[in-house]
Amino acid sequence: MEEAFLVNYLRMKLATAFYRQPDVVQIARDLLGKYLFTNINGVMTGGRIVETEAYAHINDQACHSHLGRFTKRTRVMYEAGGVAYVYLIYGRYALFNIITNEAGKADAVLIRGLEPVEGIPEMLLRRGLPTVSPKLTAGPGLLTQALGISIPHYGTDLTGDLIWLEDRGDVVPDELVLASPRVGIDYAGADTALPWRFRLKGSKWTSPAK
DNA sequence: CTAAGGATTAACT
DNA sequence: GTTAATCCTTAGT
């Protein structure tokens, strides 16, 4: 087998077919072990996804697009799967979500934890940290800082060369997946019991939140 | 443990 | 048009 082919095979960029699958919960689980990269100002940074949460447009009050809510902020959620939904929370932190499903079915997966792999010196610089620790990328508002993702990346096509995901042949077996209720959504109306938060068992790069 | 921070949104006039 | 409450969190006591 040609080496070039092998490298290509092991580093396959996720295509629209992946993002447009109908089951957002399944996608959230399958994203564990995938790799998220950015190439901003010619600097590549990225890592392995170890924590996600699913948000569905139906039967899910916690989802920004629930019951067809369509506003300036939620507009991209209604595009076909494979674009970035970035929004600001608590006035400070950008959170990165992947839009899934077909156009009009506004599902999303929030990326909450990342194991740093590529461009670690640049990530440290962006985070203002001297050494590598879970404070680098363990948390949804932290990994966006480390990767340089912010509000202007709202709507970015995830099959392009700015922000993208790769399957590197890393398979996470079910026994290493922890499914639990989501974080930070216990406000009026949200179903806090749904086990739609997925974590890689034993990873120190999952978010510290309750 | 708690304060911070600013956009977003719903609820008003 | 305006106001007030809210938030898929983090950093710092």
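The sequence lines fix the lettering, A, B, ..., with proteins before strands; numbering per chain opens at 1.
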Distances under 3.5 Å only, N/O to N/O: pair up the protein atoms with those of nucleotides 8-13 of chain B.
from  : atom 1 : to    : atom 2 : distance (Å)
B:dT9 : OP1    : A:T71 : OG1    : 2.4

> Does the side chain of A:E51 pick up a donor-acceptor pair with the side chain of A:S207 at under 3.5 Å?
Replying inline: yes
> For the pair made of CD1 in A:I185 and C1' in C:dC7, what is the distance, rounded to whole Å?
Replying inline: 13 Å
> Which whole-number value in Å describes the distance from A:H66 NE2 to C:dC7 C1'?
Replying inline: 13 Å
>> If the condition is side-chain contact (heavy atoms from CB on, under 4.5 Å), which residues does A:F37 pass it with, not counting sequence neighbours?
In response: A:Y35, A:M44, A:E118, A:W164, A:E166, A:R168
> Between A:Y78 and A:H57, is any side-chain donor less than 3.5 angstrom from a side-chain acceptor?
Replying inline: no
> Are A:Y93 and the base of C:dT9 stacked, counting only ring centres nearer than 5.5 Å and planes tilted under 30°?
Replying inline: no
> A:K13 and side chain to side chain donor-acceptor pair (under 3.5 Å): which partner among A:T159, A:D161, A:D167?
Replying inline: A:D161
>> Between C:dC8 and A:Y55, is there a base-stacking contact, meaning the centre of the base's six-membered ring lies under 5.5 Å from the residue's ring centre while the planes stay under 30° apart?
In response: yes
> Where are the stems of DNA chain B, defined as at least 3 consecutive Watson-Crick or wobble G-U pairs with both distances under 3.5 Å?
Replying inline: B:1-4 with C:9-12, B:6-12 with C:1-7
> What is the distance from CG of A:N97 to P of C:dC7, rounded to the nearest Å?
Replying inline: 17 Å
> When the ring centroid of A:Y87 is compared with that of A:Y154, is the distance short of 6.0 Å?
Replying inline: no
